[in-house]
Amino acid sequence: MNKGLFVIFAFVFGSLTAQQNAYYQQYAKYKMDIDVDAENFTYQGKQTLTYTNNSPDELKVVYFHLYWNAFKAGSMMDQRVGGQGKNGDSRLQNNGISRLASIPKEEEGAQNIHWIKQNGKDLKFEIQETIMKVELATPIKPNASTTFTMDWDAVIPMQIRRAGRNNREGIDMTVTQWYPKIAEYDYDGWATFDYIGREFHAPFADFDVTIKIDKDYVIGAGGNLENPAEVKGYDPKANIKTDAKNKATWRWTAKNMLDFAWAADRDYTVENFTVLDGPKVYYVYQKSEKTKLWEESKPYITQFFQLMNASFGRYTYPSYSFIQGGDGGMEYGMCTMILGNATSLEGLLGLMVHEGGHSWNQQIMAYNESMRPWMDEGFTSYYESLVMHQLLPPKEPIANPFVGTLNGYRNFVKRGIEEPAVWFGDHHDNGSAYSVSSYVKGELFLVQLGYIMGEQNLSATMKEFYRQWHLKHPTDRDLMHIAQKVSGMDLKWFHNYWINTTKTIDYAVKDVKYEEHSTTITLENKGSVPMPIDFSILTKDKKVVNYQIPLNMTHVWKSKDIYGDFTTLNYWPWTQKEYTFTIPYSKSQISALGIDFSQRLADVNPADNMVEVK
């Protein structure tokens with residue numbers, strides 16, 4: 001074999017075998033001792049991290065996230081917000097001016113690393129904004145573990161985005177993404193995404209966290225409180241133990257979780273209730289007239305966990321905490337930080353259901369949300385729409401729970417600023433475009449899959465996806481693999497159109513010709529995304545007759561759907577702009593006819609989809 005052929009063979013063989021490597025995921029164990037100076041909003045931290053390399057690669061460097069370094073003038077987050085102006089995240093700018101640019105010096109976020117060691121040996125490290133690169137003294141071999149020790153101090157920043165001090169509802173400290181957190185390493189390499197304002201990614205880990213803080217504080221956190229009888233708020237018979245500095249010691253643990261987050265305030269009330277066949281739920285909030293709806297929300301949150309467990313897979317952790325804190329809502333391990341001063345039950349429940357739903361999408365199904373925010377935010381939004389429709393049914397009947405999302409998508413497309421969902425979260429140029437591509441198109445990805453392959457197949461797909469991938473790091477490729485196996489269909493074309501492009505669906509009823517005993521209909525594809533078509537007629541005697549026109553690219557046709565039985569017609573080739581078919585109904589028998597009576601199709605111009613027969 002000549003040298004050129006050998007190189008080609010080696011490359012091809014190496015690529016094939018790389019694709020066949022067994023799935024793996026890294027694991028970490030954190031033990032932290034934190035001493036909080038509440039008066040000055042700082043803390044001292046010590047950390048022991050045991051890191052297990054389950055990959056087939058020898059690791060010579062590791063990376064840590066130092067998220068709070070973003071909260072200062074001149075940071076990359078500040079530069080990005082300033083560059084986007086009014087198009088940026090509205091929470092980070094006022095009238096196009098970055099809020100980070102005016103953070104007082106004493107309120108800048110900081111994570112100051114004093115030293116880091118590997119198995120007792122000092123290591124060289126380099127701080128690159130919110131990323132710390134660490135050169136190892138000894139490479140970590142495959143299937144081996146190493147221990148890092150670290151000493152640092154931190155300044156809790158002005159509350160602008162998620163974490164911070166003295167938020168607008170008066171919470172003293174929201175302490176999230178707050179410790180030096182080791183980055184995820186997987187088949188794609190190190191997930192060293194700078195913190196510009198969007199989402200996070202991390203390996204699963206165990207946590208043992210001790211927090212010393214003034215005895216008058218109550219802490220809410222995602223985890224198991226190991227000493228409730230020694231601290232304030234959780235046990236009415238507690239005997240609060242303090243040290244010489246009048247500080248109480250809190251001990252929290254958690255297993256197999258992505259991160260550990262907490263908040264502290266002197267005015268917190270702690271309440272709890274247990275969901276039958278579900279977690280113990282904690283409410284940690286400032287109880288007042290402004291938060292009175294929290295009490296009313298409790299039976300609905302019980303139903304939420306029961307519906308999610310039954311429909312999508314069990315919540316795997318022993319507890320879940322809703323904590324008043326943050327700047328809207330943000331999910332963390334076994335908890336969420338939310339604003340609590342609600343003006344309506346629907347608004348509070350919507351926030352709780354969405355953030356609680358992230359326990360499935362982002363925590364249990366740990367997507368890389370920096371790379372694929374549409375899976376994390378979009379699938380959670382899908383669950384939110386379904387569950388809220390059941391918890392608070394609309395006063396007037398609607399065709400399906402996603403009507404509002406579909407209308408919002410159509411209105412946004414008209415603005416001409418849509419960006420592909422495939423883009424990394426922090427790399428969207430427009431804040432609204434990020435929201436639509438991640439939340440809206442991600443939600444409609446599942447809505448369109450249900451339309452294409454039938455809702456029963458979608459439900460089976462999501463349950464199987466959970467079964468195979470919970471407490472792992474799945475990708476969209478893993479989901480599509482299961483969807484294609486469940487349905488038998490080829491669905492790669494849809495994934496490509498919907499996620500990688502901003503092309504749109506637009507079908508129309510072009511022509512209707514009535515004969516004595518039949519009607520001939522011509523449909524037109526005016527858009528750039530081909531789809532199978534559900535077509536129905538409403539007869540004069542109020543019966544709905546359904547037809548399905550398959551798309552040739554699926555190769556297997558939809559066999560059932562929850563919106564009624566149907567007759568399957570000949571397929572429509574995706575290259576063909578028009579499609580004509582005849583049905584055995586005369587004009588006198590038909591009241592109306594049209595595309596998609598279920599109103600699930602994300603057609604950007606549905607006005608020409610229906611014909612009323614007069």
Side-chain angles (χ1 to χ4, degrees), residues 28 30 32 41-43 45 47 49 51 61-84 88-89 91-93 98-101 103 105 107-116 123-135 148 150-165 174-186 188-203 205 258-261 326-327 330-332 337 362 368-371 373 376 423-428 431 434:
Y30 293 91
M32 288 183 259
F41 297 100
T42 63
Y43 74 80
Q47 176 172 285
L49 168 62
Y51 182 72
V61 298
V62 298
Y63 293 86
F64 286 80
H65 297 280
L66 305 175
Y67 292 107
W68 283 2
N69 288 353
F71 295 104
K72 61 187 64 175
S75 69
M76 290 179 65
M77 184 188 288
D78 181 33
Q79 292 169 359
R80 179 65 168 163
V81 174
Q84 289 181 308
D89 189 327
R91 291 160 294 195
L92 297 175
Q93 49 90 11
S98 170
R99 293 179 61 206
L100 292 100
I103 295 178
K105 193 71 178 174
E107 296 187 35
E108 288 182 346
Q111 288 165 306
N112 304 306
I113 309 301
H114 301 161
W115 50 262
I116 179 170
L123 299 179
K124 279 184 61 178
F125 61 91
E126 179 185 355
I127 307 296
Q128 302 171 352
E129 296 269 342
T130 62
I131 297 295
M132 180 171 74
K133 178 182 178 182
V134 181
E135 297 181 14
F148 298 103
M150 188 185 308
D151 190 284
W152 82 100
D153 69 80
V155 180
I156 301 172
M158 173 192 284
Q159 204 287 323
I160 288 182
R161 189 75 175 98
R162 297 182 174 132
R165 63 177 80 175
T174 303
V175 189
T176 59
Q177 303 296 348
W178 58 282
Y179 57 93
K181 183 164 72 171
I182 196 160
E184 167 70 348
Y185 181 84
D186 59 20
D188 292 320
W190 288 100
T192 51
F193 295 95
D194 304 296
Y195 184 41
I196 308 298
R198 295 299 179 193
E199 307 292 344
F200 313 103
H201 191 45
L258 292 182
D259 57 18
F260 176 83
D327 67 332
M330 183 61 199
E331 69 281 357
Y332 299 97
M337 305 291 171
Q362 195 260 347
N368 186 336
E369 49 187 342
S370 295
M371 290 181 66
D376 166 44
W423 286 6
F424 290 177
D426 273 317
H427 293 259
H428 283 270
Y434 161 80

[X] versus [Y], closest heavy-atom pair with distance:
X	Y	value
Ala101	Ala73	O-CB, 3.7 Å
Leu123	Glu135	CD2-O, 3.5 Å
Pro373	Gly425	CG-CA, 3.8 Å
Gln111	Pro180	NE2-N, 4.3 Å
Ser98	Gly82	CB-N, 4.2 Å
Asp194	Thr130	CA-OG1, 3.6 Å

Report yes if the side chains of [X] and [Y] come closer than 4.5 Å at any heavy-atom pair, otherwise no.
X	Y	result
Trp190	Val62	yes
Ile182	Phe64	yes
Val81	Asp89	no
Tyr332	Gln177	yes
Phe41	Val155	no
Thr176	Met337	yes

### With Glu108 via side-chain contact (heavy atoms from CB on, under 4.5 Å) - residues at least two apart
Lys72, Ile103, Lys105
### Task
Take Tyr30 and Gln47 through the side-chain contact (heavy atoms from CB on, under 4.5 Å) test and state the conclusion after the steps.
CA-CA 7 Å; Tyr30 293 91; Gln47 176 172 285; 3.6 Å; yes
Any chance you could measure [X], atom [atom1], to [Y], atom [atom2], to the nearest 0.5 Å?
X	Y	atom1	atom2	result
Met330	Thr174	CE	OG1	13.0 Å
Lys181	Leu49	NZ	CG	12.5 Å
Gln93	Leu100	CD	CG	11.0 Å
His201	Thr192	NE2	OG1	11.5 Å
Ile113	Asp151	CD1	CG	9.0 Å
Glu331	Glu369	CD	CD	5.5 Å

### Asp376 and Glu199: CA distance, side-chain angles, deciding distance, side-chain contact (heavy atoms from CB on, under 4.5 Å) verdict
CA-CA 10 Å; Asp376 166 44; Glu199 307 292 344; 4.3 Å; yes
### Query
Taking the inter-plane angle between the rings of His428 and Trp423 on a 0 to 90° scale, is it parallel (under 30°), tilted (30 to 60°) or perpendicular (over 60°)?
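Judged by the thresholds at 30° and 60°, the geometry between His428 and Trp423 is tilted.
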### Task
Could you check whether the rings of Tyr67 and His65 sit parallel, tilted or perpendicular, using 30° and 60° as the cut-offs?
parallel
### Query
With sequence neighbours excluded, what pairs up with Asn69 under the side-chain hydrogen bond (donor to acceptor under 3.5 Å, both in side chains) test?
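Partners of Asn69 under the side-chain hydrogen bond (donor to acceptor under 3.5 Å, both in side chains) test: none.
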### Message
When you compare the side chains of Trp68 and Tyr179, does any donor N or O come within less than 3.5 Å of an acceptor on the partner?
### Response
no
#### Entry: Full working for side-chain contact (heavy atoms from CB on, under 4.5 Å) between Met76 and Ile196
CA-CA 7 Å; Met76 290 179 65; Ile196 308 298; 3.7 Å; yes
### Query
Does His427 offer a backbone N or O that forms a donor-acceptor pair with the side chain of Arg198 under 3.5 Å?
no
### Task
List the steps, then state whether side-chain contact (heavy atoms from CB on, under 4.5 Å) holds for Arg99 with Leu92.
CA-CA 6 Å; Arg99 293 179 61 206; Leu92 297 175; 5.8 Å; no
### Query
Partners of Asp327 by salt bridge (Lys or Arg N to Asp or Glu O under 4.0 Å), sequence neighbours excluded?
Arg161
### Message
My understanding is that only one of Phe193, Tyr195, Trp178 makes a ring pair (Phe, Tyr, Trp, His ring centres under 6.0 Å) with Phe200; could you say which?
### Response
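The single option meeting the ring pair (Phe, Tyr, Trp, His ring centres under 6.0 Å) with Phe200 is Tyr195.
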